[in-house]
There are 2 protein chains.
Amino acid sequence: MKLLENPLFHGVSAGELEEMTRCFEMEERKFREKEEIPIHKNVGILLEGSVSINRLNADGSLDMLEYMSDGGIFGSFFSLFEEMGDLIVICEKSCTVVFIDTCHITKRCSRACHHHSLVVENLLNLMTEKVHQLSEKVEILSHRSIRGKLLCYFQFQQNKTGNMDFSLPFSYSALASYLCVDRSAMSRELKKMKNEGLIQMQGRKITLV
Amino acid sequence: MKLLENPLFHGVSAGELEEMTRCFEMEERKFREKEEIPIHKNVGILLEGSVSINRLNADGSLDMLEYMSDGGIFGSFFSLFEEMGDLIVICEKSCTVVFIDTCHITKRCSRACHHHSLVVENLLNLMTEKVHQLSEKVEILSHRSIRGKLLCYFQFQQNKTGNMDFSLPFSYSALASYLCVDRSAMSRELKKMKNEGLIQMQGRKITLV
DNA sequence: AAAGTCATGTTGCAAATGCAACAGAAAGAA
DNA sequence: TTCTTTCTGTTGCATTTGCAACATGACTTT
């Protein structure tokens with residue numbers, strides 16, 4: 001995905017983008033699978049590949065908070081834990097990331113450039129989307145049982161594809177981590193649901209009945 | 001709290017606010033306890049009192065998603081469910097709310113007024129805060145046990161006051177609802193934690209040891 | 001005063017969940 | 001290929017949790 005196509009630059013022309021690249025001191029970097037992506041005080045825009053956003057626990061283990069692909073945005077605006085220094089972004093599929101230092105966005109541009117307000121407005125829309133994503137996760141986690149969480153998650157996925165079936169974007173282990181439940185217990189529950197005819201599973205393809 | 005003091009209008013003068021009130025067609029309304037606050041496509045700014053944001057379940061019961069006081073902001077920007085039509089805002093303590101139709105904020109002002117970009121920038125900061133709040137809730141709910149959720153919630157409260165102790169902003173029933181756990185089970189767990197010397201409780205005042 | 005409502009405390013019990021441990025399958029690296 | 005790692009499926013068991021039911025006290029309403 002091209003930078004210009006990213007929602008953050010919606011309404012910006014190619015020429016303007018060129019100018020902004022300098023004005024915002026944007027930097028492009030590539031990462032390979034499993035590599036950790038440094039975030040500091042930057043906003044990261046994912047042009048290609050996919051990454052996971054994880055929280056580092058006291059015991060050294062990781063909880064996946066999010067998983068995103070092309071066009072995804074991550075950084076200090078979007079999460080509580082970055083400030084706490086225990087947020088870890090990991091490249092899942094080799095990716096290209098454009099970094100922008102937050103201060104270029106937050107602070108008013110001394111050159112009073114016109115693009116600035118446009119980007120702020122776009123960022124606002126992205127934040128809205130991010131709030132929706134978080135609300136979605138809260139909604140999922142608010143269900144008390146594993147089955148409840150699974151069904152809720154499945155329904156969200158189903159709504160996104162529009163079809164009755166969809167594919168998990170990651171492994172079942174990762175799903176358990178995302179849902180904050182025990183993997184084996186989840187596996188057990190999935191089997192039950194399959195037996196009860198609630199769902200069909202073929203590998204990572206799932207069909208809600 | 002005065003409207004001018006609200007973070008949404010940070011950096012705006014009294015005169016400008018006057019102008020904006022017309023430009024944005026802002027409307028002020030009062031509500032009494034237990035009253036439902038209609039939201040439509042508005043942003044609501046809470047000047048006085050407090051409200052709860054609840055989700056309406058299929059069975060007619062309500063889950064509290066949030067509880068906010070003076071200066072709080074709610075509306076379509078801030079939650080997933082409003083669009084789904086099952087979000088219900090309820091006045092908890094008699095309150096005053098200022099409504100702004102979202103379109104006045106989202107769309108570029110035809111009069112190209114200067115305040116507009118300022119408000120968008122402020123709104124961006126508010127969204128950031130909202131993202132943090134949601135991340136906080138996700139963090140709380142990501143703990144698997146009731147004890148884990150309680151301790152996590154307590155620590156957040158503690159950090160906010162800065163002291164070792166703090167007071168619940170609502171009832172224990174409401175807390176259980178907020179944490180998405182069974183009230184009686186939570187009550188049982190709190191007793192255990194008290195006996196183990198992890199916490200001290202005097203009514204709704206809690207001290208982390 | 002009497003009735004009703006709500007917050008809180010308590011308990012037994014069935015069901016759900018987490019945990020630990022193990023094993024085969026699949027995928028990737030050497 | 002072989003070796004290694006990760007993913008996945010499974011099971012027993014102790015613990016936790018949700019649920020239902022009931023009791024009490026504070027407060028409000030009639």
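The chains referred to below are lettered A, B, ... by the order of the sequence lines, with proteins before strands, and numbering in each begins at 1.
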Counting heavy atoms from C-beta on, name the nucleotide in [options] closest to the side chain of [X].
X	options	value
Ala185(B)	dT8(C), dT17(C), dG18(D)	dG18(D)
Ser184(B)	dC7(D), dA20(D), dT17(D)	dA20(D)
Ile146(A)	dG18(C), dA16(C), dT11(C)	dG18(C)
Asp182(A)	dA7(C), dG18(C), dT10(C)	dG18(C)
Ser171(A)	dC7(D), dT16(D), dA7(C)	dC7(D)

[X] [atom1] to [N] [atom2]: how many Å, rounded?
X	N	atom1	atom2	result
Leu150(B)	dT16(D)	CG	C1'	13 Å
Leu179(B)	dT17(D)	CG	P	12 Å
Lys194(A)	dT8(D)	NZ	C1'	11 Å
Phe170(B)	dT8(C)	CZ	P	11 Å
Lys93(A)	dG28(C)	NZ	P	12 Å
Glu189(B)	dT15(D)	CD	P	14 Å
Lys191(A)	dT10(D)	NZ	P	4 Å
Glu33(B)	dC6(C)	CD	C1'	13 Å

Practice problem: Would you tell me if any nitrogen or oxygen in the side chain of Arg204(B) comes within less than 4.0 Å of OP1 or OP2 on dA7(C)? | Solution: no
Quiz item: Would you call Glu196(A) and Arg147(A) a salt bridge, using N to O less than 4.0 angstrom?
Solution: yes
Quiz prompt | Salt bridge present between Glu136(B) and Lys160(B) (N-O < 4.0 angstrom) | solution = yes
Quiz prompt | Residue pair Ser167(A) / Lys205(A), side-chain donor-acceptor N/O under 3.5 Å | solution = no
Practice problem: Could you verify whether a donor N or O on one side chain and an acceptor N or O on the other, from Glu92(B) and Ser52(B), lie under 3.5 Å apart? | Solution: yes
Quiz item: Do Arg188(B) and dG18(D) share a donor-acceptor pair, side chain to base, under 3.5 Å?
Solution: yes
Practice problem: Could you check Ser187(B) against Lys34(B) and say which one's nearest nucleotide on DNA chain C is further toward the 5' end? | Solution: Lys34(B)
Quiz item: Do Gln133(A) and Lys137(A) touch side chain to side chain, with heavy atoms closer than 4.5 Å?
Solution: no
Quiz item: Nearest nucleotide by nearest heavy atom, which residue falls closer to the 5' end of DNA chain D, Met186(B) or Arg183(B)?
Solution: Met186(B)
Quiz item: Reckon Ser145(B) touches a base, only the sugar-phosphate, or nothing at all at heavy-atom distances under 4.0 Å?
Solution: sugar-phosphate
